[in-house]
2 protein chains.
Amino acid sequence: MNYGIGKFSRIVNISVDTLRYYEKEGLIVPKRDNVNRRQYTDHDVKWIDFIKRLKKTGMPIKDIKKYAKLRYRGNETINDRLKLLYDQRHRLKADQVELQGHINFLDEKIQTYHEMNASVEAKLESK
Amino acid sequence: MNYGIGKFSRIVNISVDTLRYYEKEGLIVPKRDNVNRRQYTDHDVKWIDFIKRLKKTGMPIKDIKKYAKLRYRGNETINDRLKLLYDQRHRLKADQVELQGHINFLDEKIQTYHEMNASVEAKLESK
DNA sequence: CCTTGACATTGAGTACACTCCAGAATTTAG
DNA sequence: CTAAATTCTGGAGTGTACTCAATGTCAAGG
């Protein structure tokens, strides 16, 4: 099944402008019909979902682009793509540790504020 | 102890331009000396460290600004500041869940690619 | 057949968080 | 005392990821 950019936009929930921007960046390059209109496929739906996911993991467009280039080159690039995924996984694991550190930091700060509040109340009490 | 912007910049490892930008945004507003030069204090060092931490947790400047405004208003605003910290902690907890989801997603994709590789090798084997 | 709507391209504009630059004043080192 | 360094302000420029506007082409519905 083929979709024009408008319909595809509604399916994947990305604006037509963004889709054209992604194309300019080489993330997704649909075929064109006889009058030069973009023809997206169901395959493209899956691909966009993957892109959306990579984006959510915080991967910048230029890295997704690298992945896209490899993908458009075919199956011989699977190991290169695997490496990119491993790298990203590695980053996310690091993010996870950092994130826990940030939560701990906030917890400490919150604790400090609670103690400040308690001491203010203690002063009021003693009046 | 007081520091000029250059020295302070070296202490907190933030460029003088960024410090002036932070001041314009109201994050940190140092006193000025008799010839209008910024005078940062040790207290400011601690405050900047806190800002850096909040930034690392992904808090946008305008939210840090809210926090800074409350802080400059004094101790009466501790509960408001506590709320901001709780909100941010809440976001980070949500990020944590999302992050795990992303890692799982990558793991699945990596798994898929490994299987593709295995099947390619199986084909080569059978030749 | 003609209007409406979807699509095309190019280029400009936006938000965020810096980053850099020009021109002036003041401070410090030699 | 002079030259170099530091700081000041205002404003322009950068990169990322869109987002919007202007202008033009094509196709299907009434």
Side-chain angles (χ1 to χ4, degrees), chain A residues 1-41 44-45 47-69 88 91 95 102, chain B residues 1-41 44-45 47-69 88 91 95 102:
Chain A
M1 198 43 193
N2 285 327
Y3 314 102
I5 196 168
K7 197 162 191 198
F8 188 68
S9 165
R10 266 163 263 133
I11 291 168
V12 299
N13 204 31
I14 291 181
S15 78
V16 296
D17 283 312
T18 302
L19 286 172
R20 289 197 268 246
Y21 165 68
Y22 283 177
E23 182 171 347
K24 207 179 67 190
E25 292 302 311
L27 300 197
I28 181 162
V29 185
K31 299 277 174 296
R32 301 300 182 102
D33 68 8
N34 56 324
V35 285
N36 199 35
R37 293 190 172 178
R38 291 167 179 83
Q39 293 277 277
Y40 293 92
T41 67
D44 288 326
V45 175
W47 174 227
I48 280 284
D49 283 342
F50 184 62
I51 289 174
K52 284 165 83 174
R53 195 81 202 211
L54 287 182
K55 278 195 59 57
K56 278 195 210 153
T57 71
M59 194 186 273
I61 294 250
K62 68 186 183 66
D63 288 4
I64 299 177
K65 188 173 175 172
K66 279 183 205 161
Y67 192 96
K69 269 187 185 164
Q88 183 66 4
R91 272 190 289 276
D95 288 351
H102 297 329
Chain B
M1 195 47 190
N2 285 329
Y3 313 102
I5 195 167
K7 196 160 190 201
F8 188 70
S9 164
R10 266 164 263 131
I11 291 169
V12 298
N13 204 32
I14 291 182
S15 78
V16 296
D17 282 311
T18 301
L19 286 172
R20 291 196 269 246
Y21 165 69
Y22 284 177
E23 182 171 348
K24 208 179 65 187
E25 292 302 310
L27 300 197
I28 182 162
V29 185
K31 299 276 173 296
R32 301 300 183 101
D33 67 7
N34 56 324
V35 284
N36 198 36
R37 291 193 172 177
R38 291 166 180 83
Q39 292 277 275
Y40 293 91
T41 67
D44 288 325
V45 175
W47 173 226
I48 279 284
D49 283 343
F50 184 62
I51 288 173
K52 284 166 83 173
R53 194 80 204 211
L54 287 182
K55 276 196 60 58
K56 278 194 209 154
T57 71
M59 195 185 273
I61 295 250
K62 69 188 182 70
D63 288 4
I64 299 176
K65 188 176 177 170
K66 279 183 204 162
Y67 192 96
K69 269 187 184 164
Q88 184 65 5
R91 271 191 289 276
D95 288 352
H102 297 329

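The chains referred to below are lettered A, B, ... by the order of the sequence lines, with proteins before strands, and numbering in each begins at 1.
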- Task: For the pair B/E23 and B/R32, evaluate salt bridge (Lys or Arg N to Asp or Glu O under 4.0 Å) and give the outcome as yes or no after the intermediate values.
- Result: CA-CA 12 Å; B/E23 182 171 348; B/R32 301 300 183 101; 3.0 Å; yes
- Hey, does B/R20 reach any base, or is it just sugar-phosphate, or nothing, if we go heavy atoms under 4.0 Å? base
- CD1 (B/I61) and CD1 (B/I51) are apart, to the nearest 0.5 Å, by 8.0 Å
- Item | Closest approach of A/D44 to A/P30 (non-hydrogen atoms, all atoms of both residues) | OD2-CB, 4.5 Å
- With side chains defined as the heavy atoms from C-beta onward, is the minimum distance between B/D63 and B/L54 less than 4.5 Å? no
- Message: Whether the side chain of A/K52 engages the backbone of A/V12 through a donor-acceptor N/O pair (distance < 3.5 Å, no angle test) should be reported.
- Response: yes
- Task: Report which part of the nucleic acid A/D17 touches: base, sugar-phosphate, or nothing (heavy-atom distance under 4.0 Å, all strands).
- Result: base
- Tell me, please, which residues at least two apart from B/F50 pass ring-ring contact (aromatic ring centres under 6.0 Å, His included). A/F105, B/W47, B/Y67
- Task: Assign B/F8 to base, sugar-phosphate, or nothing according to its heavy-atom contacts below 4.0 angstrom with the strands shown.
- Result: nothing
- Message: For a 4.0 angstrom threshold against heavy atoms of chain B, report the outermost contacting nucleotides of DNA chain C in 5' to 3' order.
- Response: C/dA17 to C/dT27
- Note on the structure: Comparing B/R38 with A/T18, nearest DNA chain D nucleotide closer to 5' gives the residue B/R38
- Query: Does B/R37 or B/I61 map to a spot on DNA chain C nearer the 5' end, using the closest nucleotide for each?
  - Reply: B/I61
- Message: Regarding A/K55, tell me which of base, sugar-phosphate or nothing describes its non-hydrogen contacts under 4.0 Å with the strands shown.
- Response: sugar-phosphate
- Message: Treating A/T41 as the side-chain partner and A/N2 as the backbone partner, does any N or O pair qualify as donor plus acceptor under 3.5 Å?
- Response: no
- Message: Working to the nearest 0.5 angstrom, can you tell me the gap between A/Q39 CD and A/M1 CE?
- Response: 9.5 Å
- Item | Outermost DNA chain D nucleotides near chain A [under 4.0 Å, heavy atoms] | D/dA17 to D/dA27
